[in-house]
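Before any comments, here is the structure.
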Amino acid sequence: RPAPAAAPSAPAPPAAAPQFQPPPGLVEQVFVPLTVVPSQEILATGGANLADSLQYKPGIAASTFAPGASRPILRGMDNTRVSVRENGIGSHDASTLSEDHAVPIDPNAADQIEVVRGPATLRYGSGAIGGVVNASNQRIPEFVPRNGFTAEVRGAMGSADRSGDGGFKATAGAENFAVHADSFWRRAGDYAIPGGGRQFNSFVDSNGFSTGASLIGLDGFAGVSFTQFNSLYGIPGADALTNRTRIDMQQDKVQTRGEWRVRDNGIEAIRYWFGGTSYRHNEVDLGSGVPEIGSRFTNHEIEGRVEVQHLPIGTALGELRGAVGVQMGDRTLTGTSFEGDSLLAPARTRTAAAFWFEELQLTQKLRLQAAARIERNDVSGTGLDISDPLNATEVQAQRSFAPKSFSIGALYQLPERIVGRITGTYAERSPDAGELFSKGAHDATGTFEVGNPDLRKEVAQTIEVGLKRTQGAFRFDTSAYYTAFDGFIFKQRTGEMCDVTLLSCTPAGGGGDLNQVFFQQRNAAFYGVELSGQQDIGRVWNGVWGVDAQYDFVRAQFTDAVGGNVPRIPPHRAGAGLFYRDANWRARTGFLHAFDQQLIGENETNTKGYTLLNADLSYTWKTAASGPLSSEMTIGLKGENLLDEDVRNHASFQKDFVLQPGRTVRLYGVMKLN
C-alpha cells in the first residue's frame, strides 16, 4: 500500500489570505513512519483506544486489558518502551504505570495515526525503544483553509457492544488567523462474546472537546489549543461480578506549537512544541452497592521541544542536511490508595535532553543517516529496600541517570523502485518512577507491586534490515530485526500472595488475593520479522482488484544462565485478503490467523490460536458545489470476527478471564465540507 505523504498539503488560498504551507521537517522526510493508519480506517475500526486501530498491523499488538484501556504493543514491547503522543507531545497520563489505565487520546480526534520505529524515536526520548505512536490532527491549525472553512462530521454504530460514537471538527480562518474546534462522544455497553453471553463490566462512556487558534503567515505559524478528555469505563475480569470496578478519568491539556521558516543565516527552519497537562482518575468499587474510591492517580506534567533545521550544506562527499534540538520535561505522578498501602507516593521526574539528526547524500542512490541523543533524568520518590524481602523498609531516594543513544543507517535505491535500508541503534533507557518506587496494592490488575530503587539503566542494541516498495502494481514493506537487552526491566511474580498491605504478604503474613510482583532486570533478546504486501491483479468494472498478505512474529528470550521466555509475547500471525477500489467504492475481505502461543514465560499458560475473518465495504461520493464549498460523503459497513471465534490475547494480563468481542457489524459514515 503506498505510504501517505508525511504532511498534508492544502490547495492555494485566495490571494487575500496568505497561507503557510509547512513542508515536512527533516525527521519526517528521512526517518519516515513505517505504519500510517488514515482517518477512514480509524473510523471503520472503531474502539476507544489508538491500539484498536493498530493491533492487527504487522509487528503491532494491543494490551486489551479493557475496552476502555488498551495500549499498543510494538515488537513485543509495551508500557515505558512505547511512547504514545498527540501532535508530537506525550499523552501525559498514568497508562505506563498499569495496564488498566487508559490513554486519554480518542481515535475519533485523529486525522491519522503514525507508528515510528528505529532512529526517529530518538527525537522523542531514548526510552521509546519499541517505538512511538503519534496521533496527528489540526487542533492547532497550520494553514488557512481554502475558501476559509472546512468541517467534518462522523458517526458510527456497532452491534456487539450496542455502541454509538461520533464527533465533529471544524476549522475556519481568514487572512492571518485560523480557529479550530472539535468534539467527540462514545458510548458502548458490555460487548457480546461467542456463545451468546456478554463480557460483564466492559462498558465505555467517554467524551471530550478541543479548541485552538493560530496566527499564520507565509513563513510560519504559531498556535495554541486546549483539550479536555473524560472517560468512565469498566474493568472486566475475574472480580468484575463482585467488585464492579470502574475508572473515572479526566484530563485537561494545553498545547502550543509553531514553525518559522528562516531560510537565512544557515537556518532552514525553527520549530517548537510545548504541552502542559493535569490528569486524574479514580478507581471506583461498586461491590457494596455504594461507590467507594479505592485509589486515585494523578499526573501533572509539562514537556517542551525545540528543533533547528539547518540549510543544506555542500561537502566533498555530498549534500548534508540535518537538525538539532533540545527537549525538557517535568512530571509528578502519584498513586494513592484509600484501602491499604499506596502504589506510588508522589514521584517526580525531571528530564533535559539534546538530540541531533544528519543525512548525507553520498550518491544519487545512496544516503547515510546518523542520529544521537543525550539526556539527564532525575527521578525522586519513596520506595522500598527489598534486600531482605521479609523485612522491607521504606526509603527516600533520588536517582540520576544520563542515558546516551545513537544510531547509524543507510538507504539505497535499488532497481524497480525498491529502497533497501539497514540501521543500527544503541539506546539507553532510565528506569521509570513506577519501576523504581512502586510499593503497594493494585486491585484492578490483581497485583501487589514492589519497585526496585536500585535498578540500573536498560541498554538495547538493535540492528534492522528492510526492503520497501511504495509504487507500482506490487507494493511491499519488509523488516527483520534483532535487539539485545542488557538489564531488561520486567515484572516478575514471586509466588507470594498479599492483601492490601506489604505486611500481609506471605510467607510472613496471612496473604490475600493479590499476586506479589517485583521489578527485576535480566539480559534478553528480541528478534522478529514483519512482512506486508499488495498486488494489483487487474481491472474490473470501474476499478482495480488485487490481493494482499501479511506475516509477523516476535521471539523474546532471557539470555542469562537461567534462560526462559519473556512473558506476554504475541504469537506468530499470518493473513491474506482480496480488495477492490475505484473512484467511489472500497472493498476488502480477508482473514488473520494467530497461531497457538506455547513459548510462554514463568507463571504463564498456553494460549490457543484463532482466525479472524473481517470484511469492509464503503462508498464515497462528492456532491455538487454550493457556492464556494463542496462536500464529500462516505458510508461504510464493516464486519469483524465474522466466524464468531473465541479470541484470547496472549499479550493481555486478562487473557485467562476475558474473551475478546464476538461477531460484530459496524455501520459508519463521514461527511466532509471544504
Exercise. Report the C-alpha separation of D432 and T80 in whole Å, then their side-chain angles, then the decisive distance to 0.1 Å, and conclude whether the side chain to side chain donor-acceptor pair (under 3.5 Å) test is met.
Key: CA-CA 7 Å; D432 186 73; T80 54; over 6 Å; no
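Of the options L97, N452, T96, L455, a side-chain contact (heavy atoms from CB on, under 4.5 Å) to E435 is made by L455 and by none of the others. Tested against S126, the residues E375, R373, E458 include a single side chain to side chain donor-acceptor pair (under 3.5 Å) partner, E375. With F437 as the fixed residue, the side-chain contact (heavy atoms from CB on, under 4.5 Å) test singles out one of T382, V395, V379: V379.
Residues N87 and N134 share a closest heavy-atom pair of N-OD1, 3.2 Å. Nearest heavy-atom pair across D190 and F203 is OD1-N, 3.2 Å.
Between the side chains of Q492 and R522, no donor-acceptor pair of N or O atoms lies under 3.5 Å. A side-chain donor-acceptor contact under 3.5 Å links T425 and S407. For the 3.5 Å distance criterion, the side chains of K253 and S210 fail to qualify, holding no donor opposite an acceptor. Using a 3.5 Å distance cut-off with no hydrogens or angles, the side chains of T447 and N515 do not pair a donor with an acceptor. When only modelled atom types and interatomic distance are considered, T245 and N243 share no side-chain donor-acceptor pair under 3.5 Å. With 3.5 Å as the limit, one finds a donor-acceptor pair spanning the side chains of S430 and N377.
Put simply, the side chain of E496 does not reach to within 4.5 Å of the side chain of F448, judged on heavy atoms. Considering only heavy atoms from C-beta on, I105 comes within 4.5 Å of L50 through its side chain. Considering only heavy atoms from C-beta on, R123 stays 4.5 Å or farther from V116 through its side chain. Residues L122 and W356 fail the side-chain proximity criterion, which asks for heavy atoms closer than 4.5 Å.
The aromatic rings of F553 and Y527 lie perpendicular to each other, with more than 60° between the two planes, well past the 30° mark.
A cation-pi geometry, defined here as NZ or CZ lying under 6.0 Å from the six-membered ring centre and within 45° of its normal, does not hold between R296 and F338.
Atom CD1 of I600 is surrounded by more than 12 heavy atoms from other residues, nucleotides or ligands within 6.0 Å.
Residues meeting the ring pair (Phe, Tyr, Trp, His ring centres under 6.0 Å) test with F485, sequence neighbours left out: F488, F526. R71 pairs by the salt bridge (Lys or Arg N to Asp or Glu O under 4.0 Å) definition with nothing, not counting sequence neighbours.
The ring of Y233 has its center no closer than 6.0 angstrom to the ring center of H281.
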